Number of protein chains: 2
Amino acid sequence: MSSLDAIDIELLAILQSDVSLSIEELAERVGLTKTPCWRRVQKLEKSGVIRRKVALLDAEILGLPVSVFAQVRTNQHNAEWAESFSRAVAELPEVVECYRMAGEYDYLLRIVVADIQAYDNFYKRLIRLNGITDVVSNFSMEQIKSTTELPIPRDGD
Amino acid sequence: MSSLDAIDIELLAILQSDVSLSIEELAERVGLTKTPCWRRVQKLEKSGVIRRKVALLDAEILGLPVSVFAQVRTNQHNAEWAESFSRAVAELPEVVECYRMAGEYDYLLRIVVADIQAYDNFYKRLIRLNGITDVVSNFSMEQIKSTTELPIPRDGD
DNA sequence: CGTGAAACTCGGGACTT
DNA sequence: AAGTCCCGAGTTTCACG
């Protein structure tokens, strides 16, 4: 990275909670004027700390209220298989998160679907992938919290 | 909701992948002119389908490369405890996701931290909450996929 | 880093079809 | 609903202190 000072951290904290503010408002909040504030935001974008700017949609309104966590086991513990699995997962829009795990199982997936039937449909497609030996599905009943805001260290940290 | 047509769906799909486009570019992509496009986006924001606009930051660059999934069990199966647990979770910035689960355990949390030590620190604070009987921590070794884009049905679906 | 200002783009309202 | 016209506001980039 390129050394983030306290103002940069402040800017990032604001932007990861709301990117729709004008440069003027932003500048005011961090105690700068427009131009230097704008320069900082540009730098943050170019450096890659700000990966992208997106709209977060409401899954319930869109008829996608169900999150399912699938624990996946494989017997193919080699780089090629891992690569092909990654590519497959990237192609599946229902999979919104996928992590390679330490411990009892190999991958953890979060799958977003409309209902249980839609999950079953997805599940059948998933187990069709070669090399998967076991899938355990855990259904979420309620989303208690979901944020894209990373816990970046603030003042007293 | 308020009936989303094909153009609204298109707009949402674009916006959830990139909200930094100008109304003009957006309009062009969906085959409209500025004003009607702008009106639609306004409506989508007011209706709540577009919950917010945020910047997604790079966890690695910010020194937060570790995701840990904690399976939490409780012996307090009542609404009051669930309420207090939700509030506690909301206050913990390290917890970026929390779901109430069906099945063997009660809650699944994703915790974002700098390293194993930081997780241990968080863990100690977590188990200090009353009513938690068991916490199983699963460490992620690698983030294969992570997106905020919901699988909204496109054309041939 | 701040100021001032230029050039330009964008947002958003009024009005028409 | 959508399109056209338009003006004010915001953004972006200067030169300079």
Side-chain angles (χ1 to χ4, degrees), chain A residues 1-58 60-63 148-149 152-157, chain B residues 1-58 61-63 148-150 152-157:
Chain A
M1 74 176 109
S2 37
S3 69
L4 305 165
D5 66 13
I7 297 181
D8 286 329
I9 298 292
E10 249 187 287
L11 285 172
L12 291 173
I14 296 170
L15 290 173
Q16 75 169 342
S17 92
D18 187 1
V19 81
S20 68
L21 298 173
S22 72
I23 294 285
E24 239 175 352
E25 282 176 42
L26 249 188
E28 200 177 355
R29 293 204 192 182
V30 300
L32 288 179
T33 49
K34 288 165 45 172
T35 307
C37 179
W38 178 83
R39 282 194 283 244
R40 277 173 184 267
V41 174
Q42 289 300 309
K43 222 170 125 185
L44 292 170
E45 287 180 358
K46 264 162 214 143
S47 79
V49 193
I50 296 176
R51 282 176 40 230
R52 54 203 313 202
K53 301 169 173 182
V54 302
L56 301 181
L57 308 184
D58 189 301
E60 302 243 338
I61 297 180
L62 289 169
T148 56
E149 297 183 41
I152 46 183
R154 308 284 301 176
D155 35 65
D157 218 50
Chain B
M1 75 177 105
S2 35
S3 69
L4 306 166
D5 66 13
I7 296 182
D8 287 329
I9 297 292
E10 248 187 288
L11 285 172
L12 291 174
I14 295 171
L15 290 173
Q16 75 170 340
S17 93
D18 187 2
V19 80
S20 68
L21 298 173
S22 71
I23 294 284
E24 242 176 352
E25 283 176 43
L26 247 189
E28 200 177 354
R29 293 204 192 183
V30 300
L32 289 176
T33 49
K34 287 165 46 173
T35 308
C37 179
W38 176 82
R39 280 195 283 247
R40 277 174 184 265
V41 175
Q42 289 299 310
K43 224 170 127 183
L44 291 171
E45 286 180 0
K46 265 165 214 139
S47 78
V49 193
I50 295 176
R51 281 176 39 230
R52 54 203 313 207
K53 301 168 172 181
V54 302
L56 301 181
L57 308 185
D58 189 301
I61 297 180
L62 289 168
T148 56
E149 296 183 41
L150 299 174
I152 46 184
R154 308 286 299 176
D155 35 66
D157 217 50

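Just so we're on the same page: letters track the sequence lines, and every chain starts at 1. Keep in mind the model is a prediction, meaning the values are calculated, not measured.
- Between A/Val19 and B/Ala55 the shortest heavy-atom distance is CB-N, 3.9 Å.
- Rounding to whole angstrom units, CD of residue A/Glu28 and P of D/dT11 are separated by 13 Å.
- Contact check for A/Val54 versus B/Val54: side-chain heavy atoms found under the 4.5 Å cut-off.
- B/Gln16 and B/Leu150 get closest at one heavy-atom pair: OE1-N, 2.7 Å.
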*asked:* Please convert DNA chain D into dot-bracket. A pair counts if it is Watson-Crick or G-U wobble with both distances under 3.5 Å; crossing pairs go in [ ] and bases paired with another strand get |.
replied: ||||||||||||||||.
Could you run down the sub-3.5 Å N/O contacts of the protein with nucleotides 14-17 of chain D?
none

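- At whole-Å resolution of the value, CZ in B/Arg40 and C1' in C/dG12 are 17 Å apart.
- Residue B/Glu28 qualifies as open at atom CD: its count of foreign heavy atoms under 6.0 Å is 12 or below.
- Separating the CG atom of A/Leu11 from the C1' atom of C/dC1 is a distance of 14 Å, rounded to the nearest angstrom.
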Short heteroatom pairs, N/O only, protein and nucleotides 9-11 of chain C, under 3.5 Å:
residue: C/dC10; atom: OP2; partner: B/Glu24; partner atom: OE1; Å: 3.0
residue: C/dG11; atom: OP2; partner: B/Ile23; partner atom: N; Å: 3.0
residue: C/dG11; atom: N7; partner: B/Lys34; partner atom: NZ; Å: 3.4
residue: C/dG11; atom: O6; partner: B/Lys34; partner atom: NZ; Å: 2.9

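- Across all non-hydrogen atoms, the minimal contact from B/Val49 to B/Ser47 is CG2-OG, 2.9 Å.
- A salt bridge links A/Asp8 with A/Arg40: at least one charged nitrogen is closer than 4.0 Å to a carboxylate oxygen.
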*asked:* Using salt bridge (Lys or Arg N to Asp or Glu O under 4.0 Å), reason through B/Glu45 and B/Lys53 one step at a time and then give a plain yes or no.
replied: CA-CA 10 Å; B/Glu45 286 180 0; B/Lys53 301 168 172 181; 2.7 Å; yes
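- Residue A/Asp58 comes nearest to B/Gly48 through the heavy atom pair CB-O, 3.5 Å, listed as atom of the first residue, atom of the second, then distance.
- Not one N or O on the side chain of A/Arg52 forms a donor-acceptor pair closer than 3.5 Å with the backbone of B/Asp18.
- Contact between A/Ile9 and A/Ile152 at its shortest, heavy atoms only, is O-CD1, 3.9 Å.
- A straight line from NZ of B/Lys43 to C1' of C/dG12 spans 17 Å, rounded to a whole angstrom.
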